[in-house]
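Residue numbers begin at 1 in each chain, while the letters A, B, ... track the order of the sequences.
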Amino acid sequence: MSQPYNPEKIELKWQKNWEQAHCFEAEASHEKPKFYALIEFPYPSGAGLHVGHPRSNTAMDIIARKRRMEGYNVLFPIGWDAFGLPTENYAIKNHVHPAGVTKKNIDHFREQLKRIGFSFDWSREVDTTDPAYFKWTQWIFLQLYKKGLAYKSEMPVNWCPSCKCGLANEEVVAGKCERCGAEVIRRVKSQWMLKITDYAQKLLDGLDDVDFIEKVKVQQRNWIGRSEGAEVDFALEDTDEKLRVYTTRPDTLFGATYMVVAPEHAVVDRLRARIQNWDEVVAYREAAARKSDFERTELAKDKTGVELKGVRAIDPVNGRSIPVYISDYVLATYGTGAIMAVPAHDERDWEFAKKFGLPIIEVVAGGEDVQKAAYTDVADGVLVNSGFLDGLSVAEAKKTIIDWLVEHKVGERKVNYKLRDWVFSRQRYWGEPIPLVYCEKCGWVPVPEEQLPVLLPEVDNYEPTDSGESPLSKIESWVNTTCPHCGGPAKRETDTMPQWAGSSWYFLRYADAHCDTALARYDELKYWMPVDWYNGGMEHTTLHLLYSRFWNLFLYDIGAIPNKEAYQKRTSHGMILGANGEKMSKSRGNVINPDDTIAEIGADAFRLYEMFMGAFDQAIPWSTEGARGCRRFLERVWRLQDMLTGEERVRPEMEASVHGMIKKVSEDYERMKYNTAIAAMMSFVNELYANSRVSRGELRALLLCLNPVAPHITEEMWEACGFGEPIYKQKWPTWDEGKLVADEVEIAVQICGKVRARIMAPTSLGREDGAKLLEDETVKKLVGDKPVKKLIFVPGRLLNIVC
RNA sequence: GCGGGUGUGGCGGAAUGGCAGACGCGGCAGAUUUAGGAUCUGUUGCCUUCGGCGUAUGAGUUCGAGUCUCUUCACCCGCACCA
């Protein structure tokens with residue numbers, strides 16, 4: 001009898017063994033085909049590892065281990081996304097240095113990850129707060145700056161009053177701060193911005209060349225939000241001013257009955273002298289500015305606005321004089337900040353027109369009465385009341401009117417994107433300093449590259465300020481410096497970079513983690529990039545995933561790296577919920593601690609359960625009982641040692657099962673159908689138990705298949721059975737299609753689609769051989785004298801007799 | 001409102017248009033055991049007498065539909081006045 005299964009003992013043994021053998025480190029040689037597997041590097045929070053991390057990690061660990069056995073040179077790295085607010089807040093509260101907190105948290109995370117036995121290449125660990133790392137983060141920022149893609153702009157930003165910090169659009173969720181949930185207000189600040197909008201089209205086009213799960217592509221496309229239309233100039237009566245609008249429906253130009261500009265639109269100020277109700281306009285503008293994004297969204301249904309009395313615009317196609325309004329349903333930051341309103345064919349305009357008693361003119365026929373509702377779904381509509389466009393389809397009208405606009409120099413074709421530039425400044429301490437200084441004489445001057453990194457100063461107090469200044473602004477000895485350009489007095493930029501900075505290029509660093517001459521050597525990047533398979537959370541789709549694609553495209557454009565797209569394949573795991581089906585959170589009291597689970601059932605069973613609990617891409621509630629079931633399965637596997645026969649080979653009667661298992665497991669790992677792969681191995685073990693014996697060949701096959709999921713127990717049993725070199729040096733097993741099927745299979749016999757019997761039939765029967773089965777006694781009895789009208793035979797599955 | 005997704009036993013979930021419920025959890029029974037919250041074996045969708053009914057809903061295509069088409073409903077995620 002074998003010893004009882006003691007996961008803790010064997011897991012620690014093998015973890016030590018792997019570490020000493022350095023067997024999971026990527027090979028320096030570039031001879032073998034490479035495979036780069038990536039998981040999102042964790043933010044080392046004080047709370048420690050969450051059960052969600054191992055779901056993604058185990059999934060990719062399985063792929064990485066399988067690829068090594070398939071002969072690839074595998075890079076499966078790990079690191080720490082360690083700048084960020086929670087650490088800083090903790091440091092403030094406890095009067096300690098964030099760097100110390102970060103180190104402690106990283107040490108804890110590393111310990112936890114090692115205890116789960118992931119086959120990470122620990123020799124390439126990166127840490128975004130390490131000066132040797134963020135030197136290159138700053139270097140990339142300088143390249144962006146030099147190419148005009150980083151600029152400072154006075155603009156209203158999303159401001160979180162609780163974090164006392166500006167936020168990117170991507171960090172605002174339903175009008176609230178993504179991190180702390182506080183309501184976000186708008187505040188005008190001078191901010192560093194990255195011109196991600198210059199890359200809108202490239203970010204869109206790149207999606208066609210990569211293998212991302214569809215919902216990621218869809219979400220990124222929607223976020224980028226390309227739309228095609230035209231810009232049109234409307235002259236303002238009795239002035240030299242023109243009001244330019246953007247529209248996706250230039251075909252409805254004859255139906256424009258008024259115009260609207262955003263409250264912030266500059267034309268309002270320029271027309272001040274003409275506006276008769278200026279006080280009213282100012283009051284409206286102030287009210288609109290005071291609204292938070294949240295309020296603005298809440299009040300979306302009820303349209304408000306004020307007419308600019310004394311201002312009228314002229315529709316360029318028909319010379320009609322129409323009024324101009326300001327309203328906050330028009331956004332200052334999209335298009336030109338002004339629209340032509342066509343109430344007959346736009347719901348928002350329709351609502352506004354109804355409320356303000358403005359005319360509604362139908363210009364596309366084919367819908368219901370436009371006085372009762374806007375007709376917007378105009379797919380097969382025909383233009384009416386539209387002069388030279390009458391009788392055209394919408395598509396034809398669009399083309400015709402744009403030609404007309406161009407010819408008359410009052411407009412042009414235009415593409416717009418919803419994507420906004422990336423607000424890159426954070427008024428906090430624990431981030432990469434932005435490597436620029438401001439000189440009264442020379443303006444903004446980049447810190448010379450040879451002086452990078454710009455380090456964070458030691459500070460006594462990291463408290464953010466209510467004034468909206470970074471805590472760094474209080475450190476005069478750091479702020480005051482000399483201008484690299486003229487040598488005169490200058491001041492450092494005191495804002496830091498957002499957390500997304502370090503994570504926007506870390507996958508490049510892994511290719512050459514200790515390089516000090518570049519972000520990574522070109523040769524290494526050429527070999528390793530792109531990432532072959534990147535698994536991570538859906539919540540990063542329009543944040544990290546988009547930002548990092550942008551940086552990668554940019555670095556490619558300046559020749560710093562050899563590949564265009566960062567990631568060849570992107571997949572995403574579902575969330576692990578609490579046992580009650582709700583999101584895990586401290587306040588709900590349903591958090592499962594990985595350490596506790598591992599102490600109870602072991603790391604292998606923990607990994608196994610995380611992969612078995614359900615479909616990988618779906619949210620699944622945790623079940624402690626289910627996790628114990630996985631431990632039970634490993635116990636059963638363990639006891640197979642006691643059922644070993646001396647036979648070296650797979651027994652003939654087990655060949656179909658063995659080959660079936662290998663095929664199923666091999667294919668299901670690739671499709672991330674981990675749950676069914678594991679089910680197949682469970683079935684195989686059940687079969688072995690049913691005949692109470694297992695040959696060495698059968699056990700070998702099982703251990704090889706199970707190894708990527710449960711690496712410790714399989715190595716231990718492999719060694720105990722004397723199967724030779726450790727599994728990590730073995731080849732991935734292959735299967736023989738010819739051995740998958742037995743000679744005879746069970747066929748379901750249906751009469752008119754209803755199953756009436758099951759018979760055994762030779763596997764060799766083809767689709768045309770169904771009639772032969774009518775000779776079977778059981779079938780004869782079922783059919784009786786009835787004439788057979790039709791016969792459908794599906795080889796290996798069923799026979800359907802239609803009488 | 002728009003976009004994406006999901007709906008199958010008591011539970012998590014399986015099913016290239018071809019035997020619905022694999023596998024696991026939970027339950028039940030038996031064996032073994034001083035004992036079992038260990039292990040092994042069997043059993044477990046529902047109603048039942050034959051047999052019937054079952055994949056959110058209603059229709060359709062098909063010899064055959066959980067799977068394809070259309071309808072309705074419910075829930076989840078993302079975006080949200082983007083002209």
Side-chain angles (χ1 to χ4, degrees), chain A residues 4 173-175 213-219 221-223 225-227 229 245-250 252 260 262 293 296-297 299-303 327-331 333-342 345-349 351-352 376 416-420 538-539 541-542 574-575 579 581 608-609 612-615 617-630 632-633 635-636 639 673 675-686 689-690 692 746-758 789-803:
Chain A
V173 177
I213 48 170
E214 197 54 30
K215 61 179 170 179
V216 168
K217 287 192 183 184
V218 167
Q219 238 181 71
R221 283 194 188 111
N222 290 346
W223 187 260
R226 181 190 159 101
S227 79
V245 301
Y246 172 69
T247 176
T248 54
R249 297 294 309 281
T252 61
V260 187
D293 279 2
R296 212 166 146 151
T297 314
L299 300 169
K301 273 140 212 141
D302 194 23
K303 298 276 179 291
S327 170
D328 65 2
Y329 88 86
V330 171
L331 305 176
T333 48
Y334 185 77
T336 62
I339 61 155
M340 65 174 203
V342 185
H345 304 291
D346 182 282
E347 274 170 33
R348 296 151 302 180
D349 297 347
E351 271 176 46
F352 191 88
T376 56
N416 258 322
Y417 302 90
K418 287 188 202 171
L419 188 70
R420 298 296 136 81
M538 280 307 290
E539 71 275 16
T541 301
T542 53
M575 218 187 326
L608 187 73
Y609 177 61
F612 182 64
M613 61 196 301
D617 58 354
Q618 256 154 30
I620 305 288
W622 184 269
S623 157
T624 305
E625 290 306 321
R628 290 204 185 108
C630 286
R632 205 142 49 216
F633 169 67
E635 299 268 5
R636 275 163 77 77
R639 286 196 307 272
K673 297 263 187 184
N675 54 336
T676 50
I678 293 164
M681 292 185 276
M682 288 174 168
S683 294
F684 181 72
V685 170
N686 289 345
Y689 268 79
S692 313
E746 190 183 77
I747 301 285
V749 181
Q750 296 183 334
I751 304 292
C752 292
K754 300 261 185 223
V755 180
R756 296 297 169 185
R758 293 165 216 281
K789 281 192 206 143
K790 195 169 178 184
L791 205 61
I792 295 113
F793 180 57
V794 184
R797 292 194 181 272
L798 60 70
L799 177 71
N800 189 11
I801 302 159
V802 184
C803 297

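Under the Watson-Crick or G-U wobble criterion, with both distances below 3.5 Å, B/U41 is paired with B/A29. As the counterpart of B/U69, B/A59 is assigned, both hydrogen-bonding distances of the Watson-Crick or G-U wobble pattern falling under 3.5 Å. Nucleotide B/G54 forms no Watson-Crick or G-U wobble pair with any nucleotide shown, as no partner meets the under 3.5 Å limit on both distances. With a cut-off of 3.5 Å on both pairing distances, the Watson-Crick or G-U wobble partner of B/G3 is B/C77. A 3.5 Å limit on both hydrogen-bonding distances identifies no Watson-Crick or G-U partner for B/U49.
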Tabulate atom names and distances for all N/O pairs under 3.5 angstrom spanning the protein and nucleotides 2-5 of chain B.
residue: B/G3; atom: O2'; partner: A/Asn222; partner atom: ND2; Å: 3.3

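B/G9 and B/U57: their P atoms are spaced 10 Å apart (whole Å). Taking the P atoms as reference points, B/G3 lies 16 Å from B/A80, given to the whole Å. B/G12 and B/G52 have their C1' atoms separated by 30 Å, given to the nearest Å. Taking atom P on both B/G13 and B/C25, the two are 16 Å apart, rounded to the nearest angstrom. B/G10 and B/G60 have their C1' atoms separated by 34 Å, with the value rounded to a whole Å. Taking atom C1' in both B/A29 and B/A22, the straight-line distance is 23 Å, to the nearest Å. Going from the P atom of B/G7 to that of B/G42 covers 32 Å, rounded to whole Å. If you take atom P in B/C23 and the same atom in B/U34, they sit 33 Å apart, rounded to whole Å.
Note on A/Ala615: only backbone sugar-phosphate atoms sit closer than 4.0 angstrom, heavy atoms only; bases stay farther off. At the heavy-atom level, A/Gly225 lies nowhere under 4.0 Å from the strands shown. Among the heavy atoms of the strands, none lies under 4.0 Å from A/Asn416. Across all strands, A/Ile792 comes closer than 4.0 Å to base atoms (heavy-atom distances). When heavy atoms are screened at a 4.0 angstrom cut-off, A/Arg221 is found touching no nucleic acid atom at all.
What separates CZ of A/Phe612 from P of B/G24 is a distance of 7 Å, to the nearest Å. Here B/C25 presents its P atom at 11 Å from OH of A/Tyr609, a figure rounded to the nearest Å.
For A/Trp223, taking side-chain heavy atoms from C-beta onward, the closest of the listed nucleotides B/A22, B/C79, B/A83 is B/C79. Which of B/G64, B/A15, B/C25 sits closest to the side chain of A/Asn800 comes down to B/G64.
Two residues, A/Met538 and A/Gly626, neighbour RNA chain B, and the one matched to the more 5' nucleotide by heavy-atom proximity is A/Gly626.
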| said: Across nucleotides 26-46 of chain B, 5' to 3', mark each nucleotide with B, S or - according to how protein heavy atoms within less than 4.0 Å reach it. | reply: S------------SSS-----

